Number of protein chains: 2
Amino acid sequence: MSGHHPARSRRGTERKGDVRERAILDTCEALLAQKGYDAMTVGDIAQGAGITRGALYFYFGSKQEVVTALVARTVEHLWERSRATAQTDEPRRAIAAAMQRTVELWNEHGLVMRTAIDLSLTVPEVGELWSHTADLFTTAITAVLERAGVQAGTEPDQASAMARSLCWMIERTFYHASQESREKFRKASATCEHIWLLSAGLNT
Amino acid sequence: MSGHHPARSRRGTERKGDVRERAILDTCEALLAQKGYDAMTVGDIAQGAGITRGALYFYFGSKQEVVTALVARTVEHLWERSRATAQTDEPRRAIAAAMQRTVELWNEHGLVMRTAIDLSLTVPEVGELWSHTADLFTTAITAVLERAGVQAGTEPDQASAMARSLCWMIERTFYHASQESREKFRKASATCEHIWLLSAGLNT
DNA sequence: CCCAAAAGTCTACACTCCGTCGATTTTTCT
DNA sequence: AGAAAAATCGACGGAGTGTAGACTTTTGGG
């Protein structure tokens with residue numbers, strides 16, 4: 001979605017515009033934390049990045065496009081992190097590791113992740129990005145469930161369908177918890193882990 | 001939140017304004033289905049209700065207030081329905097009944113419920129309304145879990161905390177499923193029921 | 001039935017934000 | 001150095017918001 005402004009793929013020195021673009025995204029993230037999506041105006045972002053509205057429109061076509069680019073940048077991190085995670089084969093260990101990783105991701109990128117979830121409905125590109133991310137998580141959960149002995153398949157009581165609901169449970173629980181204290185956050189994570197274990201048939 | 005326009009509490013005949021107010025809310029609900037929250041303008045609502053923008057501001061102070069009133073009206077139904085539901089004492093039966101009821105609620109009021117969830121972050125009053133609703137559901141789930149033998153308490157592996165996460169799971173799963181086919185909706189419900197049973201220690 | 005007060009409605013205005021355009025300046029590359 | 005490409009600016013027209021003041025309809029007591 002950042003395909004409308006000039007390509008600059010293979011190039012040693014960085015164009016001035018690259019710096020500006022990053023500044024815009026950084027400012028956007030900061031404003032998101034300060035005033036939230038609705039209150040944040042295109043003028044605000046431009047000002048924060050040290051340019052005028054007119055100039056900002058050289059980089060992005062709208063506030064939505066700016067935020068979409070920001071989400072894309074963040075989600076990229078999530079994907080890298082997912083890929084980098086080694087597959088543990090012992091289910092209990094795998095579940096603990098996955099929850100630990102999720103906590104870290106929400107700690108680092110909670111703000112943008114929350115924003116992505118909120119905009120999923122109204123901004124199709126963001127919806128796309130986030131649903132792809134959710135698919136990655138669902139796939140990972142499915143694998144763990146199957147290894148723990150849950151029957152593979154898409155019927156309501158089989159691994160795939162259960163993984164999807166567990167994914168939504170984790171998303172929503174963290175979404176809310178990450179707006180509260182660190183303490184609640186930690187506890188919420190433990191609760192999700194516990195339910196995941198039970199769902200995998202691994203009674204304590 | 002509808003406290004700014006004249007009180008008309010105890011009165012036999014209905015004021016003209018009462019009819020208009022209902023017309024506004026109905027129009028708002030219809031437009032929400034047609035074009036969604038963002039695209040819907042105050043002018044649209046007024047026109048649909050047969051008055052001008054100026055007149056609409058006599059009833060509500062903003063688009064947000066209109067939607068908040070609509071959410072309040074809908075949520076009222078949910079509360080009534082919850083109160084009316086008899087407490088079944090056999091956990092398996094209680095869980096099945098609760099999921100059945102939830103399916104019906106989402107079928108009838110899915111649109112407004114989705115809207116309420118979306119606006120929870122940005123419109124404090126809606127957030128209030130919805131979090132109260134979630135509390136009711138969480139309390140009900142907690143009761144069932146405890147009756148099924150899950151230890152009472154707020155620690156991560158005890159009834160109260162688990163109920164909260166299960167509530168979010170159900171909310172999110174239905175939120176997504178209700179935008180797709182009836183078939184997926186039915187299956188998603190079965191999956192939630194299954195996970196709830198496992199969480200309650202009621203293995204199939 | 002009358003008529004004043006209350007309730008409801010309208011048009012017009014001032015404001016904010018948005019997205020676009022053409023002109024202009026700065027950067028980049030050779 | 002100097003032309004092409006990249007970046008920036010200010011100004012405009014449009015859409016939506018919320019408010020103000022005048023006007024009309026409805027209501028209810030005498």
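We name chains A, B, ... by the order of the sequence lines, and we start the count at 1 in each one. Just so it is clear, the model here is predicted, and its values are computed rather than measured.
- Listed pair A/Arg15 / D/dA5 fails the phosphate criterion, with no side-chain N or O lying under 4.0 Å from OP1 or OP2.
- Atom pair B/Tyr57:OH and C/dA14:P shows a separation of 18 Å (rounding to whole Å applied).
- One finds a salt bridge joining B/Arg73 and B/Asp26 here, because a Lys/Arg side-chain nitrogen approaches an Asp/Glu carboxylate oxygen to under 4.0 Å.
- Atom-to-atom, CD of A/Glu21 to P of D/dT8 comes out at 11 Å; the value is rounded to the nearest Å.
- Within 3.5 Å, a donor on the side chain of A/Arg53 pairs with an acceptor on the base of C/dG19, or the reverse.
- Side-chain nitrogen and oxygen atoms of B/Thr52 include none within less than 4.0 Å of the OP1 or OP2 phosphate oxygen of C/dT9.
- Note on ring orientation: taking the six-membered ring where Trp is involved, the planes of B/His176 and A/Trp168 are parallel (angle under 30°, cut-offs 30° and 60°).
- Of the candidates D/dG18, C/dC18, C/dT9, C/dT9 carries the atom nearest the B/Phe58 side chain, counting heavy atoms from C-beta on.
- Of all nucleotides listed (D/dA7, C/dC18, D/dG18), C/dC18 comes nearest to the side chain of A/Thr41.
- Of the side-chain N and O atoms in B/Lys16, one or more sit less than 4.0 angstrom from OP1 or OP2 of C/dT9.
- B/Thr191 and A/Arg164 form no side-chain donor-acceptor contact under 3.5 Å, judged by distance and modelled atom types alone.
- Listed nucleotides D/dG18, C/dC10, C/dT9 differ in distance to B/Tyr59; the shortest reach to its side chain belongs to C/dT9.
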